[in-house]
Number of protein chains: 2
Amino acid sequence: MRDEKKQRRQEAILLEALKLFTERGYFNTSVSDIQSGANLSVGTLYNYFKNKEAIAVTLFSNIENCLYENLCEIERKYDNVYDRCRAIVLHLFDTTERNSDSMQYLFYTKHREVVPVEKSVFVSLPFLKMREMVLNGQKSGDIRKMEPHVAMVTLFGGPVRMIYLRIDGVLEKPLPAYFEECWDSAWRGVRA
Amino acid sequence: MRDEKKQRRQEAILLEALKLFTERGYFNTSVSDIQSGANLSVGTLYNYFKNKEAIAVTLFSNIENCLYENLCEIERKYDNVYDRCRAIVLHLFDTTERNSDSMQYLFYTKHREVVPVEKSVFVSLPFLKMREMVLNGQKSGDIRKMEPHVAMVTLFGGPVRMIYLRIDGVLEKPLPAYFEECWDSAWRGVRA
DNA sequence: GTCTATATGACGATAGAC
DNA sequence: GTCTATCGTCATATAGAC
């Protein structure tokens, strides 16, 4: 069969799974829910993925890699920690508005509950990249001398919390409306 | 039967459930796991709780109420936003060390996945109390004029993120070791 | 590759004896 | 109140025809 069609079907499965996982959660979604939503049969689905868990893992890894690519691009585009981290937060806010499901899945999924033995989100590629940027910012003197983990949470903890608020429907306005004030406040916490 | 014994059994169920829910998650824990861990039979367990969901709800509500009490006590003890919020973060850090399971359950559980229709954590009693304190702090002029939600996440987003790091085993040292620096950084973000 | 039909097993919850 | 035994349901995954 044409590879093109195969890919379309794979993506249909992943898309439907993403929708259902964020809507009702991994454990409240059955394989048959995904299968019918993606317009194919159970047998076919199991031809594309070994099992339900594999769908979740592929999904998570895709989103994670995509974010990592974006972070690398931001790193190339800007040359200092302020501009870089500012762009990251803006990117996260925008993505949450444009592609809410992805962000919700990335941030809200207790991935270790789905995949028995799984590393913490905090040692994932995107996280490490952000950490690297912050460490460089400390070396250059733009960010105060402080415990690196504390610097990380001070800079990104607020914005990330803001994303949770938005996903939970607490904020009336879209995230970008709060961006300038939120970023400014976060930066005040770490600037030299 | 003596009320005392009834209460002991009820607590045994809740304690075992808390342990298992945090260890492997709600959906990976069966009623029979809880029952055997709490040293009683299935039938007896169902005499104490209507169903599995009720256990999770009671647990969540207990922890939430307990935290709310503590926040109220802190509010009575201090008379300004700086001292109050400082005490809150310290309390959260201490509790995470002393009673990791409770905090993990409170912070990490996707409660809406367990209980179909459930309000967001962000409109829970403890959250609203914290919000009230921050709003008063803005009125008194200790905290800068800014969107209240942004003030909330700037002040507590970092510390809460720190708790996640600790629960996930990323931090080598216990949380109190990071407290002063973490609180100082958070406050810098909102102070007038 | 894709489908339908089904095996297998687990789990939540109840019945009914004591 | 407490137990053991069991029922009904449903979800994952596979078998086997096309």
[X] side-chain N/O to [N] phosphate OP1/OP2 under 4.0 Å:
| X | N | value |
| --- | --- | --- |
| B:Y46 | D:dC3 | no |
| B:Y48 | D:dT2 | yes |
| A:R9 | C:dG1 | no |
| A:S41 | C:dT2 | no |

Rounded to whole Å, how long is the line connecting atom [atom1] of [X] with atom [atom2] of [N]?
| X | N | atom1 | atom2 | answer |
| --- | --- | --- | --- | --- |
| A:L40 | D:dA13 | CG | P | 16 Å |
| A:N47 | D:dG16 | CG | P | 17 Å |
| B:R8 | D:dG1 | CZ | P | 14 Å |
| B:Q10 | D:dG1 | CD | P | 12 Å |
| B:F49 | D:dG1 | CZ | P | 14 Å |
| A:Q35 | C:dC3 | CD | P | 9 Å |
| A:K52 | C:dG9 | NZ | P | 19 Å |
| A:I55 | D:dA11 | CD1 | P | 15 Å |

Q. Within the side chain of A:S36, is there an N or O that forms a donor-acceptor pair under 3.5 Å with the backbone of A:D33?
A.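 Yes, because the side chain of A:S36 sits within donor-acceptor range (under 3.5 Å) of the backbone of A:D33.
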*Just by distance, do the side chain of B:N80 and the backbone of B:Y82 share a donor-acceptor pair under 3.5 Å?*
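At least one qualifying donor-acceptor pair exists.
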*Nearest to side-chain heavy atoms of A:T44, which nucleotide of C:dC3, C:dA13, D:dA13*: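 Closest nucleotide to the A:T44 side chain: C:dC3.
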| request: Give me the ring orientation class for A:Y105 and A:F21: parallel if the planes are under 30° apart, tilted from 30 to 60°, perpendicular past 60°. | output: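 Answer is parallel, since the angle falls under 30°.
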Specify the closest pair of heavy atoms between B:L155 and B:W187, including all atoms of both residues, with the distance to one decimal.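 Result for this residue pair: CD1-CE3, 3.9 Å.
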- Message: Could you check whether A:K19 pairs with A:E16 (Lys NZ or Arg NE/NH1/NH2 to Asp/Glu carboxylate O, under 4.0 Å)?
- Response: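 Salt bridge between A:K19 and A:E16, a charged N being under 4.0 Å from a carboxylate O: yes.
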- prompt: Under 6.0 Å between the ring centres of A:H149 and B:Y178?
  reply: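 Aromatic pair excluded; centres sit 6.0 Å or further apart.
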Next on the checklist: Let's see if you get this right: which residues in residues 22-34 of chain B place a heavy atom under 4.0 Å from DNA chain C?
Outcome noted: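 Per residue number, the list reads B:T29, B:S30, B:V31.
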Checklist entry - Can B:K52 be said to sit on top of B:Y26's aromatic six-ring, NZ or CZ under 6.0 Å from centre and within 45° of the ring axis? => result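 Satisfied, under 6.0 Å and within 45°.
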